[in-house]
Amino acid sequence: MTIRTRFAPSPTGHLHVGNIRTALHNWMFAKKNGGEFLLRLDDTDKERSKEEYVTAIRADLAWLGINPDSEERQSARFERYEERFEELKTAGRVYPAYETAQELDLKRKVQLGRGKPPTYDRGALDLTAAEIAAFEAEGRQAHWRFKLDHATPIEWTDLIRGDQNFDPALLSDPVIRREDGSWLYMLPSTIDDMDMGITHVVRGEDHVANTAVQIQMFQAFGASTPEFAHEALLVGTEGKLSKRLGSLGVGGFRERNIEPQSIVALLARIGTSDPVEPIADVMTLVEGFDFSRFGRAPARFDDEELAQLNQKIVHLLDYAEVSDRLPSAMSAEAWGVIRPNLHDMGEVERWWQVVTGPVAAAELAAEDSKFLGQARATLESLPWSDTIWKDWTGALKDGTGRKGKSLFMPLRQALTGLEHGPDMGALLPLIGRESALDRLTNASS
């Protein structure tokens, strides 16, 4: 059997971090097992679905390195849904209902007031032909519900949550089709999973009740049921669901110069027993992916943890991986010097400016300005080599008696305009002889 997973976003907006995590885990599971990963665009909502969001979803997944093996769109499958819907009608597994939203809300309030769960009372099943004719005469259109089999318990073994048991009598018969004929999520998703050979459905634990209903839909069609893995939802650092997580997407990550490898490394591991580590090679993460290591506790998404992880991953990036994002004149040697000082790739230009100049004038004490005059003369007299910093500071220490911070800090400030930064032994050869002499002249004048 070929493992087949799917990611099924609705193109009614941009992907957020929770969507990305779901897509990643479906892709990783398929990848680990030599299977296939399908992108299915659930675009049955004609008014809210936009082509711009379809394009954005594809681009976001590509940026993250999540590459689908195939793509399907629900909007191209309406005839198929109609065909299978008619099968359910023939089998007596769907029925029309005519309650308005206000009437249903009143029913729920009455049930809650009586201390009962607010499930649908199946009142539509008791309608007479005359009552149905009266509703239609006044202009009411039927919505359609799937009739759950109350005699058959719903059971499955979840790959994360373990054994699950639902009493279908405690669930509402779900609405599967609106009054205007448009489809809700449940039935088209089930039909797609059957037709597309989906073997495993990985999604958030907020879908557990949906899964219970869909299992009966699979059974109604005489189809085998996929395996399910319901993972804990993401929460913010405050320990509860955060509205911000619902809007945090790839665009925001890119604006903050977060590397895709960092997002993948974090989302692959949070909520599991495995440590979050700066692993830039996604295949290392794929090889260790295991649902048995997922916990039931909410997965905590921490912006600060992501920023720290991002910094560590930037420090692991090879020149070949980033060369197209660097200043054109920056060499592999220069990247190696600057890289350990970066928090993110957005700082590259600032550090390259330190190499190429000009640099901000440092505020120095009078004695340091005089010292820099001596330092310039000493540098000018020495042969230039890869060890020039060591040779130069050694000569200055012997000639001036300065050592430690009083020796090194004025030189760093004069040459870079900063009090910290890359190792000067590696940086000075990049700055070059003439530029270094010019900066020393400016600082000592």
Side-chain angles (χ1 to χ4, degrees), residues 3 5-9 15-33 37 64 66 117 154-167 170-171 200-215 226-250 252-253 258 260-279 282 284-313:
I3 298 296
T5 65
R6 46 77 164 177
F7 174 53
L15 297 182
H16 59 71
V17 67
N19 303 139
I20 294 168
R21 181 170 176 252
T22 299
L24 176 66
H25 290 170
N26 276 281
W27 177 80
M28 292 177 73
F29 183 73
K31 197 78 172 174
K32 178 180 179 178
N33 291 282
F37 169 68
L64 290 160
I66 301 173
I154 303 170
E155 301 174 340
W156 78 93
T157 299
D158 195 273
L159 295 175
I160 295 175
R161 299 170 62 88
D163 291 340
Q164 302 293 297
N165 299 275
F166 279 78
D167 180 353
L170 299 179
L171 299 173
H200 294 75
V201 176
V202 183
R203 55 189 180 185
E205 63 184 5
D206 53 332
H207 283 283
V208 172
N210 290 343
T211 293
V213 169
Q214 287 180 307
I215 283 175
E227 291 196 63
F228 291 90
H230 292 88
E231 52 192 25
L233 300 179
L234 289 182
V235 298
T237 52
E238 66 277 12
K240 60 183 179 180
L241 288 174
S242 169
K243 289 183 179 179
R244 197 181 68 80
L245 292 180
S247 60
L248 189 61
V250 165
F253 291 135
I258 300 296
Q261 298 98 316
S262 304
I263 301 166
V264 169
L266 181 66
L267 295 181
R269 292 281 182 85
I270 55 173
T272 77
S273 58
D274 293 317
V276 173
E277 299 175 311
I279 299 173
V282 69
T284 299
L285 295 167
V286 167
E287 289 164 6
F289 187 82
D290 189 339
F291 286 123
S292 70
R293 304 183 73 80
F294 280 65
R296 295 285 299 275
R300 192 180 301 271
F301 181 89
D302 186 344
D303 259 341
E304 182 59 33
E305 182 178 24
L306 177 61
Q308 292 175 4
L309 185 66
N310 188 68
Q311 180 179 11
K312 293 175 182 176
I313 282 183

From CA spacing to verdict: side-chain contact (heavy atoms from CB on, under 4.5 Å), Leu248, His16: CA-CA 5 Å; Leu248 189 61; His16 59 71; 5.7 Å; no
NE2-CD1 distance between His200 and Ile3, expressed to the nearest 0.5 angstrom: 4.0 Å
Counterpart residues, side chain to side chain donor-acceptor pair (under 3.5 Å), relative to Ser262 (two or more places apart): Asn310
Test of ring centre spacing under 6.0 Å for Phe37 and Phe29: no
Listed partners of Val282 passing side-chain contact (heavy atoms from CB on, under 4.5 Å), at least two apart: Trp27, Val264, Val286
Interatomic spacing from CG in Leu267 to OG1 in Thr22 - rounded to 0.5 Å: 9.5 Å
Any residue meeting side chain to side chain donor-acceptor pair (under 3.5 Å) with Ser273, in chain and number order, not counting sequence neighbours: none
Between CD1 on residue Ile263 and CD on residue Gln261, distance to nearest 0.5 Å: 9.0 Å
Criterion side-chain contact (heavy atoms from CB on, under 4.5 Å) on Val276 and Glu305, from CA distance to verdict: CA-CA 9 Å; Val276 173; Glu305 182 178 24; 3.7 Å; yes
Atom of Gly271, atom of Ala299 and distance for their closest heavy-atom approach: CA-CB, 3.8 Å
Reported NZ-to-CD distance for the pair Lys31 and Glu287, which is rounded to 0.5 angstrom: 11.5 Å
Atom of Leu309, atom of Ala265 and distance for their closest heavy-atom approach: CD2-CB, 3.9 Å
Under the side chain to side chain donor-acceptor pair (under 3.5 Å) test, residues paired with Thr211 that sit two or more places apart: Arg203, His230
Test salt bridge (charged side-chain N to carboxylate O under 4.0 Å, His left out) applied to Glu277 - qualifying residues, sequence neighbours left out: Arg269
Non-neighbouring partners of Asp290 that pass salt bridge (charged side-chain N to carboxylate O under 4.0 Å, His left out), sequence neighbours left out: none
Donor-acceptor under 3.5 Å (Thr272 side chain, Ala268 main chain): no
Counterpart residues, ring pair (Phe, Tyr, Trp, His ring centres under 6.0 Å), relative to Phe301 (two or more places apart): none
Any side-chain heavy-atom pair of Val250 and Leu15 under 4.5 Å: no
Ring pair (Phe, Tyr, Trp, His ring centres under 6.0 Å) against His25, all qualifying residues, sequence neighbours excluded: Phe289, Phe294
Residue pair Gly288 / Asp274: nearest heavy atoms and the distance that separates them: O-OD2, 4.1 Å
Interatomic distance, Lys312 atom NZ to Ile279 atom CD1 [nearest 0.5 angstrom]: 11.5 Å
CA sep, side-chain torsions, deciding dist, call: Val201, Glu227, side-chain contact (heavy atoms from CB on, under 4.5 Å): CA-CA 6 Å; Val201 176; Glu227 291 196 63; over 6 Å; no
Close side-chain approach of Leu285 to Met28, heavy-atom, < 4.5 Å: yes
side-chain contact (heavy atoms from CB on, under 4.5 Å) involving Gln308 - partner list, sequence neighbours excluded: Glu304
Least distance between heavy atoms, Arg296 atom then Ile160 atom: CD-O, 4.2 Å
Student check: side-chain heavy atoms of Leu234 and Ile270 closer than 4.5 Å: yes
Pairing of Arg21 and Glu231 as salt bridge, 4.0 angstrom limit: yes
From Phe7 atom CZ to Leu24 atom CG, the distance as rounded to the nearest 0.5 Å: 10.5 Å
With sequence neighbours excluded, residues passing side-chain contact (heavy atoms from CB on, under 4.5 Å) with Ala232: Glu205
By side chain to side chain donor-acceptor pair (under 3.5 Å) - contacts of Asn165 (at least two apart): none
Sidechain-backbone polar pair: Asn33 side chain, Ala30 backbone, donor-acceptor under 3.5 Å: no
From CA spacing to verdict: side-chain contact (heavy atoms from CB on, under 4.5 Å), Val202, Phe228: CA-CA 6 Å; Val202 183; Phe228 291 90; over 6 Å; no
Test ring pair (Phe, Tyr, Trp, His ring centres under 6.0 Å) applied to Phe166 - qualifying residues, sequence neighbours left out: Trp156
Side-chain touch Pro278/Ile313, heavy atoms, less than 4.5 angstrom: yes
